[in-house]
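Report on one structure; see the data block that follows.
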Amino acid sequence: MKKILIIVLAMLSVANISASDHLKKEQVWKHKYKLSKSDIHFGTTVNTLYKISDVKNTESKVKWEFKIYSTTAGIFKVKKDIRTESSHFIKQNSDIFPDAYLFIREKKESLEKYETKISFDESMKSTTVFSHNNETKEIVHPIIKGVQDRLSVQLDYKNKMRTADFDQKYKVIDKGRMRDYSFNLVGTESIKTIFGQTSTVIIKKTIKDNKRSTLTWYAIDHDFIPVKIEQYRKDVLKFTVTLDEAT
């Protein structure tokens, strides 16, 4: 179970890139999920989308932040393991361009920090900085058109689903590596959720050269909110995530 917890929180983990005093942060939506294995509740994750405006700028330049906060729950609450992950990005029409990404983990007395910054300026480079116990490692990547981070890719794909464009491939900076993500339509299903009986599309996400895959049920009539997620390793179900609250 401990290994499962680490895998879950790593996937659904989240972070906080704080806005400066002159920035206005407005919550757009908030979704809370329950993580379980064999009907045992062992984790909770909260996904929040914010709109961030620069109040000093009369044209009100707007950025967005997608943040996920994950923690142990139930009988596993005593095993303190808190992870926060966030992505700052810019929206242009239906496209998402990541600007900065941050991951922080707090477990007992230790603190691990993983950070990826993605720039789209003349340097055409992005930088991943790993920090652990005052030791840092830096990796520089060439920018590839359409590249995403681990969080921004979720929102960009959600935009594609709104136009029924379900099969997508992405280049994603993930743990210091440029990885190939694939999203493919598996089918449709009506399932019981917090919204009642809910029509969903089922999407399979795979990562090249990775043993894990994910099935996600997106609610068609509720702006494609993920209402159920199943994580697999070599086709073996490892855990299930279900939507618990939506505001």
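The first residue of the sequence shown is numbered 1, and numbering continues consecutively from there.
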Query raised in the report: Out of curiosity, T214 OG1 to I207 CD1, how far, rounded to the nearest 0.5 Å?
Result: 7.0 Å

Query raised in the report: When hydrophobic residues are tied together by side-chain contacts of less than 4.5 Å, even through go-betweens, does L237 share a cluster with I203?
Result: no

Query - Nearest non-hydrogen partners of V172 and R150, listed with the distance - result: CG1-N, 3.9 Å

Query raised in the report: Are any non-hydrogen side-chain atoms of R162 and D223 less than 4.5 angstrom apart?
Result: yes

Query raised in the report: Does a side-chain heavy-atom distance below 4.5 Å link K160 with D95?
Result: yes

Query raised in the report: Side-chain contact, heavy-atom cut-off 4.5 Å: L49 with Q27?
Result: no

Query - Pairwise side-chain contact, W217 with E230, heavy-atom cut-off 4.5 Å (strictly under) - result: yes

Report task. State, to 0.1 Å, how close V201 and M161 come at their nearest heavy-atom pair, and which atoms those are. Result -> CG2-SD, 4.4 Å

Query - Residue D167 excluded, over 12 heavy atoms near CG under 6.0 Å - result: yes

Report task. In plain terms, say whether E65 and K63 are close enough for a salt bridge, that is, a side-chain N and a carboxylate O under 4.0 Å apart. Result -> no

Report task. Using the test side-chain hydrogen bond (donor to acceptor under 3.5 Å, both in side chains), find all partners of K32 that sit at least two apart in sequence or belong to another chain. Result -> none

Query raised in the report: Quick one: are T44 and L35 in side-chain contact, heavy atoms under 4.5 Å?
Result: no

Query raised in the report: Looking at side-chain heavy atoms only, is the closest gap between T193 and K228 below 4.5 Å?
Result: no

Query raised in the report: Within 45 degrees of the axis of the six-membered ring of F224 and under 6.0 Å from its centre: does K158 put its NZ or CZ there?
Result: no

Report task. Please check if M178 and Y181 belong to a single hydrophobic cluster, counting links between Ile, Leu, Val, Met, Phe, Trp and Tyr side chain heavy atoms closer than 4.5 Å. Result -> no

Query raised in the report: L215 versus I202: any side-chain heavy-atom pair under 4.5 Å?
Result: yes

Report summary line: For F89 and P98, the nearest pair of non-hydrogen atoms, with its separation, is CB-CA, 3.8 Å

Report task. Kindly indicate, with the supporting measurements, whether the criterion side chain to side chain donor-acceptor pair (under 3.5 Å) is fulfilled by T48 and K30. Result -> CA-CA 4 Å; T48 312; K30 183 176 182 180; 5.5 Å; no

Requested in this report: Return the minimal non-hydrogen interatomic distance between T71 and I82, and the atom names on each side.
Outcome: OG1-CG1, 3.7 Å

Requested in this report: Of all the heavy-atom pairs spanning Q148 and S152, show the shortest one and how long it is.
Outcome: OE1-OG, 2.6 Å

Requested in this report: Could you list all the salt bridge (Lys or Arg N to Asp or Glu O under 4.0 Å) pairs where at least one residue sits in residues 185-204, not counting sequence neighbours?
Outcome: none

Report task. Compare all side-chain heavy atoms of F166 with those of Y157 and state whether any distance is below 4.5 angstrom. Result -> yes

Query - Exercise: identify the closest heavy-atom pair between N47 and Y33 - result: ND2-CE1, 3.7 Å

